[in-house]
Amino acid sequence: MKHATLNKLFVGLSLALSLTACSGDDGDTGPAGANGSPGTNALIDQTALAVGNENCPNGGLQIDSGLDSNADGVLGSSEITETQYLCTPGITQVTAAQIRNNTSNPWYSDAAQQVEAAKDRWMEATQGATAATARAATAAAAKAAASKGAAKNVILFVGDGMGISTVTAARILAGQMQGLQGEEYQLSFEKFPFAGLAKTYNVDAQTPDSAGTMTAMMSGVKTDVGVIGVDADIERGECSTVAGNELVTSLELAEIAGKSTGIISTARITHATPAATYAKSADRNWEDISDMPQEAIDAGCTDIAAQLVNFEANLEARYDGLDVDGIEVVMGGGRRHFLPKDAAFNSNDAVSSVEGDRTDNRDLTAEWQATYPNGQYVYDQASFNALDLDNVERVFGLFNESHMQYEADRANDVAGEPSLTEMTEAAISVLDNNDEGFFLMVESGRIDHGHHAGSAYGALTDTIEFASAIEKAAQMTNSEDTLIIVTADHGHVFTIAGYPKRGNPILGKVVGVGSDEPSLAADGMPYTTLGYTNGLGYRNLGDETNADASYAADPVSGRMDLTGVDTTTPGYHQEALVPLSSETHSGEDVGIFAQGPGSFMVNGTNEQNMLFHIINHSANLVEKADAALQ
């Protein structure tokens with residue numbers, strides 16, 4: 001259900017005194033206009049607009065102009081020939097006392113209680129009924145108390161679309177790639193000491209999307225499908241409903257508390273999951289200004305890419321007296337959302353004739369460089385490799401026009417791009433120079449895309465690379481002062497089926513115990529262990545490593561005879577029961593794996609927004625941020 005009467009985080013609204021024109025202005029002087037007709041009967045009428053006006057939700061001026069045809073000195077409605085609006089921008093400010101995310105919001109308060117229950121479960125599991133275990137119980141209680149604020153660093157790894165079946169299949173594939181049977185293998189994060197489950201539904205949806213799920217993990221408040229960094233009182237696509245419904249994220253709290261911060265994704269850095277760490281948007285699709293409806297622009301809403309580049313200024317504008325230093329590391333794809341729609345701004349690995357999408361003529365990469373002259377903007381493997389990680393102050397990396405390559409297809413990138421493991425290593429090398437610690441979010445975004453394309457090979461090889469990045473992070477940090485949480489935002493309708501024998505190739509056809517021949521279905525044809533409930537269905541593309549090549553053809557319905565087909569090649573795409581233009585998410589629970597301070601609270605089945613509260617407990621982010629604002 002939606003909660004209609006909540007005390008909002010951003011309650012002390014203070015409207016800016018300056019007015020902003022509805023249409024954008026590039027700052028250049030335009031050509032002189034043509035001379036108008038001579039006369040003395042032109043009138044201009046200005047009307048003040050109150051907050052809540054449909055044309056200017058935050059108030060402003062309506063300017064009507066026309067000719068006084070009846071010479072009565074009044075501009076009548078029939079005489080108006082042009083109307084313009086000057087709208088007050090929707091800037092809000094809050095005080096230190098208002099930093100918490102809607103503490104009266106049931107999603108927030110319920111999750112905070114769940115954290116306490118998780119501590120109690122761990123306490124009960126570590127103590128017994130006899131006096132001999134009294135000392136163990138006392139030690140457990142001391143550990144629980146000491147975990148509050150013990151995490152100097154926090155790393156949140158999100159495998160986008162990495163459901164339970166994906167973890168299982170990736171584990172087996174990784175083992176088999178190393179010559180093992182596979183089932184006995186463990187991915188790096190499966191070795192973490194604590195694990196649990198998260199329920200992934202959104203407030204308005206049984207099967208979720210990444211915008212709502214990541215907002216829940218980052219803010220402690222569940223919300224609707226398709227919206228970023230705002231609660232469920234938002235109306236998707238309605239700019240005017242953003243003000244007052246904004247949520248504070250753990251990355252923002254870490255910034256306020258003086259920690260270094262970073263965001264990494266193999267998807268576009270403006271895509272839903274990374275965007276939920278820093279943006280507030282009525283629609284996840286507003287990645288740049290060209291994606292936004294004019295009415296949203298006129299009402300003062302800002303695209304996600306611009307919010308990222310202006311993150312520091314935007315955060316400081318929300319809190320009286322706040323001074324932060326901005327995000328130190330940003331690396332991912334999505335370069336097109338930061339560049340003007342002009343071929344002159346194309347990068348050396350552009351795949352489109354015009355790489356940029358922005359229609360406001362802004363080059364946000366140049367704006368970032370002007371704001372942070374000591375930072376380095378990188379866009380390919382060579383510039384990434386040239387980084388002096390021991391001395392560089394901050395890094396902004398945009399390695400692809402859209403999403404970064406699948407790990408299996410990375411070698412085919414035009415100018416080269418780093419792996420997720422390489423980006424993670426670089427980010428930690430930059431961030432760990434801060435004595436106050438750091439907060440880092442790392443997303444493997446293309447696991448999700450591989451599944452959408454119906455490519456188990458693409459999804460699983462990206463999952464294996466994700467596990468490699470997690471292993472690197474664990475090696476570079478200390479579990480005594482670094483909390484690492486690994487989870488997913490949602491799963492996919494991806495199945496492991498049939499009765500294959502132990503060690504049977506996970507990408508292969510089902511071969512039963514005691515047999516060397518594929519098992520046959522009731523239609524007399526063999527079938528694979530892995531499959532999808534819906535999606536594009538069968539493709540046999542051989543050695544093709546780009547999973548998205550499947551979109552070149554229509555969905556395939558019905559069964560295919562796989563007798564002579566090698567289903568273990570990178571280009572094989574599994575059959576699907578229900579033909580769709582893209583495979584869908586699932587509503588299943590996803591795994592949570594954790595090590596470090598406070599990780600013992602990862603147990604049982606939890607609401608997904610509880611993850612924020614575990615992070616907050618372990619790093620004491622809210623209290624430290626409050627203290628910084630005093």
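What you see is a predicted model, and the numbers here were worked out from it, not measured in a lab.
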Peer 1: So, for G491 and V590, which heavy atoms are closest and what is the spacing to 0.1 Å?
Peer 2: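 Closest heavy-atom pair between G491 and V590: N-CG1, 3.9 Å.
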Peer 1: I'd like to know if the side chain of T215 and the backbone of A276 have a donor-acceptor N/O pair within less than 3.5 Å.
Peer 2: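 Looks like no, no N/O pair under 3.5 Å.
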Peer 1: Checking D283 against S281: is there a side-chain donor and acceptor pair closer than 3.5 Å?
Peer 2: no
Peer 1: What distance do I428 atom CD1 and S260 atom OG have between them, rounded to the nearest 0.5 Å?
Peer 2: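 Spacing of CD1 (I428) from OG (S260) equals 12.5 Å.
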Peer 1: May I have the step-by-step check of side chain to side chain donor-acceptor pair (under 3.5 Å) for D448 and H492, ending in yes or no?
Peer 2: CA-CA 8 Å; D448 177 70; H492 278 265; 2.7 Å; yes
Peer 1: For a quick test of reading the model, state the closest non-hydrogen atom pair linking G587 to T200 and the distance between them.
Peer 2: O-OG1, 3.8 Å
Peer 1: With a 4.0 Å cut-off, would you call K472 and E422 a salt bridge?
Peer 2: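 Salt bridge: no.
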Peer 1: Considering non-hydrogen atoms only, spot the tightest contact between A343 and S353 and give its length.
Peer 2: CB-O, 3.7 Å
Peer 1: So, do M217 and I615 sit near enough that their side-chain heavy atoms are less than 4.5 Å apart?
Peer 2: no
Peer 1: Among E287, E355, E401, E417, which one satisfies salt bridge (charged side-chain N to carboxylate O under 4.0 Å, His left out) with R335?
Peer 2: E355
Peer 1: Is a side-chain donor or acceptor of T266 paired with a backbone partner of G445 at a separation under 3.5 angstrom?
Peer 2: yes
Peer 1: Under 3.5 Å, is there a donor-acceptor pair between the H490 and S210 side chains?
Peer 2: yes
Peer 1: Would the distance check show the side chain of R446 and the main-chain N or O of E407 forming a donor-acceptor pair, the cut-off being under 3.5 Å?
Peer 2: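 The answer is no, because no donor-acceptor pair under 3.5 Å joins these two groups.
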Peer 1: Are the side chains of V242 and I234 in touch, meaning some heavy atoms are under 4.5 Å apart?
Peer 2: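 The answer is yes, as the side chains (C-beta and beyond) meet within the 4.5 Å cut-off.
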Peer 1: Determine, for Y201 and K222, whether the Lys NZ or Arg CZ falls below 6.0 Å from the six-membered ring centre while staying within 45 degrees of the axis.
Peer 2: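 Yes.
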Peer 1: Mind listing the closest non-hydrogen atom pair of H573 and A547 along with its distance?
Peer 2: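 So the minimum-distance heavy-atom pair works out to CE1-O, 3.1 Å.
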Peer 1: Compute the centroid of each ring, for H449 and then for H271, and state whether the two points are separated by less than 6.0 Å.
Peer 2: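 Yes, they do, as the ring centres are separated by less than 6.0 Å.
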Peer 1: May I ask you to decide if S550's main-chain N or O and R539's side chain share a donor-acceptor pair within less than 3.5 Å?
Peer 2: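 Here the side-chain-to-backbone pair exists.
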Peer 1: Just to verify, which of V309, I269, I264 counts as forming a side-chain contact (heavy atoms from CB on, under 4.5 Å) with V330?
Peer 2: I269
Peer 1: F338 and Y379: aromatic ring centres closer than 6.0 Å?
Peer 2: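 Centroid separation for F338 and Y379: 6.0 Å or greater.
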Peer 1: Give me the one residue out of K341, R358, R268 that meets side-chain contact (heavy atoms from CB on, under 4.5 Å) with R336.
Peer 2: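 Only match with R336 under side-chain contact (heavy atoms from CB on, under 4.5 Å): R268.
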Peer 1: Please round to the nearest 0.5 Å and tell me the distance separating atom CG of N361 and atom CG of L339.
Peer 2: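 Rounded to the nearest 0.5 Å, the CG-CG separation comes out at 12.0 Å.
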Peer 1: If you take all heavy atoms of W286 and A296, which pair is closest and at what distance?
Peer 2: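 Closest pair (atom of W286, atom of A296, distance): CH2-CB, 3.6 Å.
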Peer 1: Is a donor from one side chain sitting under 3.5 angstrom from an acceptor on the other, for D413 and N400?
Peer 2: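 Per modelled atom types, D413 and N400 side chains form a pair under 3.5 Å.
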Peer 1: Kindly give the heavy-atom pair with the smallest separation between L541 and A549, and that separation in Å.
Peer 2: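 Taking every non-hydrogen atom into account, CD1-CB, 4.0 Å.
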Peer 1: Can you see whether Q307 engages D303 through a side-chain donor-acceptor pair at a distance of less than 3.5 angstrom?
Peer 2: no
Peer 1: Answer yes if the side chains of E465 and T421 hold a donor-acceptor pair under 3.5 Å, and no otherwise.
Peer 2: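 Per modelled atom types, E465 and T421 side chains form a pair under 3.5 Å.
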Peer 1: Is the shortest side-chain heavy-atom distance between D432 and N153 below 4.5 Å?
Peer 2: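 Of all side-chain heavy-atom pairs linking N153 with D432, none is under 4.5 Å.
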Peer 1: Which of parallel (below 30°), tilted (30 to 60°) and perpendicular (above 60°) describes W368 and F396?
Peer 2: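 Plane angle between 30° and 60°, so tilted.
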Peer 1: With no hydrogens and no angle check, is any side-chain donor or acceptor of D349 less than 3.5 Å from a backbone partner on D380?
Peer 2: no
Peer 1: Can a donor-acceptor pair be found, under 3.5 Å and without considering hydrogens, that links the side chain of N202 to the backbone of D209?
Peer 2: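 Side chain of N202 to backbone of D209: a pair is present.
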Peer 1: What's the verdict on side-chain contact (heavy atoms from CB on, under 4.5 Å) for I447 and T166, showing C-alpha distance, side-chain angles and the deciding distance?
Peer 2: CA-CA 9 Å; I447 298 172; T166 301; 4.2 Å; yes
Peer 1: Taking the side chain as everything from C-beta on, heavy atoms only, tell me whether Y319 gets closer than 4.5 Å to V248.
Peer 2: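 Counting from C-beta outward, Y319 and V248 do come under 4.5 Å.
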Peer 1: Is there a side-chain contact between V351 and V414, using heavy atoms and a 4.5 Å cut-off?
Peer 2: yes
Peer 1: Mark yes or no for whether H452, through its side chain, and S582, through its backbone, hold a donor-acceptor pair below 3.5 Å.
Peer 2: no
Peer 1: Between F311 and Y278, is the ring centroid distance below 6.0 Å?
Peer 2: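 No.
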Peer 1: Using the side-chain contact (heavy atoms from CB on, under 4.5 Å) rule, take L621 and K259 through it: C-alpha gap first, then chi angles, then the decisive distance, then the call.
Peer 2: CA-CA 10 Å; L621 293 178; K259 294 182 182 293; 3.9 Å; yes
Peer 1: For N616 and V622, indicate whether the former's side chain and the latter's backbone hold a donor-acceptor pair under 3.5 Å.
Peer 2: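 Present.
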Peer 1: Side chains of V329 and L440: does their closest heavy-atom pair fall under 4.5 Å?
Peer 2: no
Peer 1: Pair R410, M404 - check side-chain contact (heavy atoms from CB on, under 4.5 Å), show working.
Peer 2: CA-CA 8 Å; R410 188 162 56 87; M404 293 180 69; 5.8 Å; no
Peer 1: Can any side-chain N or O of T241 pair as donor or acceptor with the backbone N or O of E235 at less than 3.5 Å?
Peer 2: yes
Peer 1: Find the distance between CG (D291) and CG (N285) and round it off to the nearest 0.5 Å.
Peer 2: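 Between D291 CG and N285 CG, I get 7.0 Å after rounding to 0.5 Å.
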Peer 1: Checking side-chain polar atoms at under 3.5 Å, does T273 have a donor or acceptor matched by the opposite partner on E443?
Peer 2: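 Yes - a donor-acceptor pair under 3.5 Å links their side chains.
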Peer 1: Looking only at side chains, do T249 and S219 share a donor and an acceptor under 3.5 Å apart?
Peer 2: no
Peer 1: Can you list the residues that meet the ring pair (Phe, Tyr, Trp, His ring centres under 6.0 Å) rule with Y532, with sequence neighbours excluded?
Peer 2: H451, F494
Peer 1: At what distance, to the nearest 0.5 angstrom, does CD1 of I470 lie from CD1 of I155?
Peer 2: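 The CD1 atom of I155 is 10.0 Å from CD1 of I470, to the nearest 0.5 Å.
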Peer 1: Got a sec, which pairs hit disulfide (SG to SG under 2.5 Å) with one end in residues 292-369, sequence neighbours left out?
Peer 2: C239-C301
Peer 1: Could you state the interatomic distance from OG (S581) to CG (D554), rounded to the nearest 0.5 Å?
Peer 2: 10.0 Å
Peer 1: Just by distance, with hydrogens left out, do N534 and E583 show a side-chain donor and acceptor under 3.5 Å apart?
Peer 2: no
Peer 1: Decide whether T261 and E255 meet the rule of one side-chain donor and one side-chain acceptor closer than 3.5 Å.
Peer 2: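 E255 and T261 do have a side-chain donor-acceptor pair below 3.5 Å.
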Peer 1: Could you check if a side-chain atom of Q381 sits within less than 4.5 angstrom of a side-chain atom of F399, using non-hydrogen atoms only?
Peer 2: no
Peer 1: So V221 and N609, do their side chains get closer than 4.5 Å, heavy atoms only?
Peer 2: no
Peer 1: Does any N or O in the side chain of D409 come within less than 3.5 Å of the main-chain N or O of N412, such that one atom is a donor and the other an acceptor?
Peer 2: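 Judged by distance alone, no pair lies under 3.5 Å.
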Peer 1: For a side-chain contact (heavy atoms from CB on, under 4.5 Å) check, start with the C-alpha distance between D462 and Y457, then their side-chain angles and the critical distance, and finish with the verdict.
Peer 2: CA-CA 8 Å; D462 266 53; Y457 182 91; over 6 Å; no
Peer 1: So how far is it from Q608 CD to M214 CE, rounded to the nearest 0.5 Å?
Peer 2: 9.5 Å
Peer 1: Return the orientation label for the F157 and F466 ring planes: parallel under 30°, perpendicular over 60°, tilted otherwise.
Peer 2: perpendicular
Peer 1: Strictly by disulfide (SG to SG under 2.5 Å), give each pair with a member in residues 392-431 just once, sequence neighbours left out.
Peer 2: none
Peer 1: Do NZ/NE/NH1/NH2 and the carboxylate oxygens of R236 and D224 come within less than 4.0 Å?
Peer 2: no
